[in-house]
Student: 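There's a structure below that I have some questions on.
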Amino acid sequence: MRETILQSIALDACKNYQDKILTSMPESLIVTTISGKSKTVNLAALELFGYGEAELIAQPILTLVADDKIAHKTCNSKFFRTDANTKVSLKNRRFGN
């Protein structure tokens with residue numbers, strides 16, 4: 001029982017440390033699921049792309065891609081797949097594309 005409590009405390013400490021890194025890093029970071037939907041975004045990414053966190057979470061990463069050629073290559077990549085029903089918006093509010 002005591003070991004479980006210690007492991008839980010250690011896990012919480014690791015999560016807090018990771019959260020501090022993500023929130024304080026100046027570079028944009030977007031973590032996605034294997035299907036390419038955003039799972040975690042940091043403040044720098046929100047500021048760069050001009051979206052709120054709720055607007056990006058669970059959205060296709062291609063929402064942020066403004067170049068159709070890049071989007072096409074990414075969708076056809078062996079590292080990224082979207083389902084046939086996914087509608088991708090290629091707009092970036094901040095840059096007006």
Side-chain angles (χ1 to χ4, degrees):
M1 179 77 160
R2 178 168 160 67
E3 185 176 328
T4 303
I5 293 170
L6 292 175
Q7 288 176 342
S8 178
I9 291 169
L11 180 60
D12 286 343
C14 285
K15 286 180 180 179
N16 289 336
Y17 180 70
Q18 181 182 21
D19 287 343
K20 286 179 184 180
I21 291 171
L22 292 177
T23 57
S24 66
M25 66 186 290
E27 294 86 11
S28 296
L29 177 73
I30 301 171
V31 178
T32 65
T33 63
I34 196 160
S35 65
K37 293 188 178 185
S38 60
K39 183 177 176 181
T40 302
V41 295
N42 69 353
L43 183 59
L46 298 176
E47 290 174 355
L48 175 66
F49 292 107
Y51 287 93
E53 185 176 13
E55 294 175 286
L56 286 183
I57 297 299
Q59 297 301 314
I61 190 69
L62 293 179
T63 301
L64 304 175
V65 178
D67 186 329
D68 289 334
K69 291 179 184 176
I70 294 172
H72 178 73
K73 286 179 183 178
T74 304
C75 283
N76 291 318
S77 164
K78 67 179 179 179
F79 300 108
F80 182 79
R81 300 280 184 250
T82 58
D83 59 52
N85 297 323
T86 300
K87 182 177 180 181
V88 177
S89 171
L90 300 175
K91 294 182 180 178
N92 181 318
R93 286 190 209 163
R94 181 169 180 181
F95 299 111
N97 295 335

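Note that these values count all heavy atoms, side chains included, but never hydrogens, waters or copies made by symmetry. Keep in mind the model is a prediction, meaning the values are calculated, not measured.
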Student: Rounded at 0.5 Å granularity, tell me how far CG in L11 sits from OG1 in T4.
Tutor: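 Rounded to the nearest 0.5 Å, the CG-OG1 separation comes out at 12.0 Å.
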Student: Can you tell me how far apart CG (D19) and OG (S24) are? Round to the nearest 0.5 Å.
Tutor: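 These two atoms lie 10.5 Å from each other.
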Student: Considering only heavy atoms from C-beta outward, does the side chain of Y51 approach that of V41 to under 4.5 Å?
Tutor: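 Of all side-chain heavy-atom pairs linking V41 with Y51, none is under 4.5 Å.
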Student: So which atom in G52 and which in L46 form the shortest heavy-atom distance, rounded to 0.1 Å?
Tutor: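 Scanning both residues completely, I find the closest heavy atoms to be C-CD2, 3.7 Å.
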Student: Over all heavy atoms of both residues, which pair between A44 and P26 is shortest? Give the atoms and the distance, please.
Tutor: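 Distance-wise, the nearest heavy atoms are CB-O, 3.4 Å.
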Student: Taking only residues two or more places apart in sequence, or in another chain, which ones meet L43 in a side-chain contact (heavy atoms from CB on, under 4.5 Å)?
Tutor: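 Result, side-chain contact (heavy atoms from CB on, under 4.5 Å) vs L43: E47.
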Student: CD/E53 to OG/S38 distance, rounded to the nearest 0.5 angstrom?
Tutor: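 One gets 9.0 Å once the value is rounded to the nearest 0.5 Å.
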Student: Can you list, by chain and residue number, the hydrophobic cluster partners of L22 when the side-chain cut-off is 4.5 Å?
Tutor: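 Noted: L22 shares its cluster with M25, L29, V31.
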Student: With rounding to the nearest 0.5 Å, note down the distance linking NZ in K37 to CG in L56.
Tutor: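 With rounding to 0.5 Å, NZ (K37) is 13.5 Å from CG (L56).
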Student: If you look at every heavy atom in I57 and K39, which pair is closest and at what distance?
Tutor: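 Of all heavy-atom pairs spanning I57 and K39, the closest is CD1-O, 3.4 Å.
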